[in-house]
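Numbering of residues begins at 1 and proceeds along the displayed sequence. Nothing here was measured: the structure is a model prediction, and the numbers come from that model.
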Amino acid sequence: MRQDNPMLPEGLPSAHGLYDPRNEHDACGIGLIANINNVKSHRIVGDGLSILRNLEHRGAVGADPKAGDGAGIMLQIPHGFFSAEAKHLGFELPAPQHYGVAYLFLPREAVYRQDIERIWWETTREEGLKVLGWRDVPVDSSVLGYSVKGTEPIHRQLFIGRGPTIRDEAHFERKLFVCRKVVSNRVLEVLGKKARAYYPVSVSCRTIVYKGLVLGKDLGRYYLDLVDERMESALALVHQRFSTNTFPSWPLAHPYRFVCHNGEINTVRGNYNWMAARQANMKSDVLGEDLSKLWPISYEGQSDTACFDNALEFLHMGGYSLPHAMMMLIPEAWAGNPLMDEDRRAFYEYHAALMEPWDGPAAMCFTNGKLIGATLDRNGLRPSRYLTTDDGHVLLASEMGVLKFAEESITHKWRLQPGKMLLIDLEQKRIISDDELKKTLSAAHPYKDWLKRTQVVLRDLPSAKTRRPKIAVPLLDRQQAFGYTQEDLKILMAPMAQTGQEAVGSMGNDAPISALSDKAKQLDTYFKQNFAQVTNPPIDPIREELVMSLVSFIGPRPNLLDLKGTSKHMRLEVAQPILTNEELERIRTIGAVRENPFRTATIDITYDVANGPEYMEAALDSVCALAERAVRDGYNIIILSDRAVSAERVPIPALLATSATHHDLIRKGLRTSVGLVVESGEPARCISSARSPATARKRSTPISPSRRWKTCSQRLRRRSPPMRRRSATSRRSTRAF
């Protein structure tokens, strides 16, 4: 049963019926304007607001004509403005970067605000910082729609000074990050559901965010600070939100603390789970003991962009440069690119074992106040164009025309290309090209040497010396046990095995979905592939092999914050998540290979049919207990196998067994110490693009559909004698699968 999440933004409904707030997505307008020479001016702020006004068509408006899905702007901290305001309020601000500003959305009830402010006072002191003063942010609530006023927060800014133990600006920024995370956890603990009305918009000594449930054209009217001539910045990052089938809320407006985003992160559930799983083996020389205060990195129920922003912030605060962290999260296509130089390929391949990609479609703008840039995901399905001018300005937006420039002043025009990055370094006062940036980062460490030391490629292993024992159960009985149909065998599987391509037909599937069907269905049929159905089609790795990678890794996951390549964890690299029988046997017998760090245990996921269906829960508990024991005994690859299925043994659905094992190991802090592989007849049924194997997709788990290979081989022997080799059948069917 879904639990009511106290960290869901206020105004967002709780899960009920078929609605779940975790499924929120949006497609929006983005833009940035920056002065390359880092010259701060009110013009930049005004230009940012102008971009928002001209992105009005990218925003959503409901029945309430004054209510939109949200808009916002991120700026450098305007020291002159805040210094004058602080004097008026009776306290002094130190020099720039010696104080930070926490912009907070607070509850309307005074008693809850007092609790939050007390927690901030106590936490800043504990973390070696000091509170300098508070400021109420002036707003004009008359520009808000009637549907928004009920959730309007109280806006306050907290000014925090460095303590004597703070070494430098970077250390101060990390401490502000730690302080914010500690406060959020304490507020959640103290206020419970009332914590929904609290949200730290930005906490930094470099940047500040103004955002909310206002129309883009009204942002400057709502926040009176933004039209003050003393409000100066050398950059502005803006966002106009258009959420599809979502409920808007104040915290869900962009920008977040580092990014704003046009598109969707479609892998967010898996990304979120893996970030949580890594907690057990995470260490950091940069964060030290503060690392233990940062969990959870993201809260359950946050949006896809919020989770991405949290991951980016965590990597950046953990020691990675901002562009390095962005390249880890949104890598360019590398596995199928024959033109990429080997150093860059080694960079991406090494980091693929550290962090799974956050796949879009996505156009992402980012900044930390010193660097500002944008990147496009490797598929390039979100447009972004940019230009530079002779007076040192850079403009990027989801379309051109958002600002007027004299044509003779424009020095360069271009578009953001798939997987490429536009980066402006405001300290070096120049644009760093994509080639220069990635060449520098890929040459910063000997990634090729690190790869040789930490990765084993499956195809390089010797063939297994043992053969799997033959199964006495007839193939037809096994096919029936896993729900194969004549349609599966004749129309789908045989053509895939013969041609290496998915069978194409013109008939739609009008069968009722499993949840509404009165027929007994396999568990996997209750899951459908998730993709951004509103604006883009699903992409397959055959037709889009240049921008897609099926490379998977099996085994323990290394420390994500290891900046020096000191990890001793080995990872087994496979070219794709679908394994042939021969590849599976190589993994099963990998412990016999000399100088090899892997040990494999096989766990049976079938149980005695005499125990009845009610025994499945106990069988799952047994599988989880066996997996835990195997990991504690030193096994780092576990094969979940239903090969023992027979008239006396019934299989646990592979998806259920894998998911249960995965989450149980996360709870025990062991998931990153082991790789999971599934040997099953069930995933082989999932052959249409709408039912791609949830077992592999949801858990990053390679699978061996053993019944599929046997079935395909049998049918091809009947049809065409020259195609009898099972290895050839496996290759063709794997490609189509």
Establish, from distance only, whether the side-chain atoms of [X] and [Y] form a donor-acceptor pair under 3.5 Å.
X	Y	answer
Asp435	Ser433	no
Thr411	Thr388	yes
Tyr299	Ser184	no
Tyr222	His155	yes

With side chain to side chain contact (heavy atoms under 4.5 Å, CB included) as the test, would you mind laying out the steps for Ser298 and Met275 before giving the verdict? CA-CA 8 Å; Ser298 294; Met275 287 299 295; over 6 Å; no

Does [X] use its side chain to pair, donor to acceptor, with the backbone of [Y] at less than 3.5 Å?
X	Y	value
Asp304	Glu264	no
Tyr223	Lys211	yes
Thr124	Trp121	yes
Asn37	Val39	no
Arg113	Arg108	yes
His254	Arg241	no
Ser233	Gln76	yes
His42	Met231	yes
Thr375	Lys420	yes
Asn262	Gly29	no

Quick check: are there more than 12 heavy atoms from other residues, nucleotides or ligands sitting under 6.0 Å from [atom1] of [X]?
X	atom1	answer
Tyr199	OH	yes
Lys149	NZ	yes
Glu189	CD	no

Say you draw a straight line from [atom1] of [X] to [atom2] of [Y]; how long is it, rounded to the nearest 0.5 Å?
X	Y	atom1	atom2	value
Ile166	Leu129	CD1	CG	5.0 Å
Leu252	Gln302	CG	CD	9.0 Å
Ile160	Lys175	CD1	NZ	12.5 Å
Leu32	Leu396	CG	CG	5.0 Å
Ser83	Glu92	OG	CD	6.5 Å
Glu399	Asn54	CD	CG	9.5 Å

Can you name the closest pair of heavy atoms from [X] and [Y] and give their distance?
X	Y	value
Thr207	Ser202	O-OG, 4.3 Å
Lys438	Gly419	NZ-O, 2.7 Å
Leu52	Gly72	CD1-O, 3.8 Å
Gly100	Leu176	CA-CD1, 4.1 Å
Arg430	Ile36	N-CG2, 3.5 Å
Pro357	Asn271	O-ND2, 3.5 Å

Compare all side-chain heavy atoms of [X] with those of [Y] and state whether any distance is below 4.5 angstrom.
X	Y	result
Asn35	Ser41	no
Leu315	Leu560	yes
Arg180	Arg257	yes
His79	Lys40	no
Phe366	Leu423	yes
Trp120	Val131	no
Glu173	Met317	yes
Leu437	Leu441	yes

Pair [X] and [Y], ring centroids less than 6.0 Å apart:
X	Y	result
Tyr103	Tyr210	yes
His324	Phe347	yes
Phe258	His316	yes
Trp295	Phe314	yes

Give the intermediate values and the outcome of side chain to side chain contact (heavy atoms under 4.5 Å, CB included) for residues Ile30 and His239. CA-CA 5 Å; Ile30 57 175; His239 188 274; 3.5 Å; yes

Exercise for the section: Please work out which of the three classes, parallel, tilted or perpendicular, describes the rings of Trp250 and Phe105, given edges at 30° and 60°. Expected result: perpendicular

*Step by step, work out the side chain to side chain contact (heavy atoms under 4.5 Å, CB included) result for Ile297 and Tyr272.*
CA-CA 9 Å; Ile297 300 303; Tyr272 172 89; over 6 Å; no

Checklist line | Carboxylate-amine/guanidinium proximity below 4.0 Å for Arg186 and Glu122 | finding: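 Glu122 and Arg186: not salt-bridged.
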
message = ring pair (Phe, Tyr, Trp, His ring centres under 6.0 Å), that's the test. Do Phe172 and His98 meet it? Break it down for me.
response = CA-CA 8 Å; Phe172 185 35; His98 284 259; 8.0 Å; no

- Query: Can Ile208 and Gln157 be said to form a side chain to side chain contact (heavy atoms under 4.5 Å, CB included), step by step?
  - Reply: CA-CA 10 Å; Ile208 188 165; Gln157 290 168 341; 3.6 Å; yes

Go through the steps for Lys293 and Glu127 under the test salt bridge (charged side-chain N to carboxylate O under 4.0 Å, His left out), then give the verdict.
CA-CA 11 Å; Lys293 305 174 184 178; Glu127 297 300 328; 3.1 Å; yes

*Among all residues two or more places apart in sequence or in another chain, which pass the salt bridge (Lys or Arg N to Asp or Glu O under 4.0 Å) test with Arg221?*
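Result, salt bridge (Lys or Arg N to Asp or Glu O under 4.0 Å) vs Arg221: Asp218.
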
Paired with Glu169, the side chain to side chain donor-acceptor pair (under 3.5 Å) test is passed by just one of Arg206, Arg174, Arg162, Gln97, namely Arg206

inquiry  = salt bridge (charged side-chain N to carboxylate O under 4.0 Å, His left out) for Glu313 and Lys181? Distances and angles first, verdict last.
reply    = CA-CA 12 Å; Glu313 179 182 44; Lys181 297 291 289 186; over 6 Å; no

Exactly one of Val139, Val137, Leu75 clears side-chain contact (heavy atoms from CB on, under 4.5 Å) with Asp225, and that residue is Val137

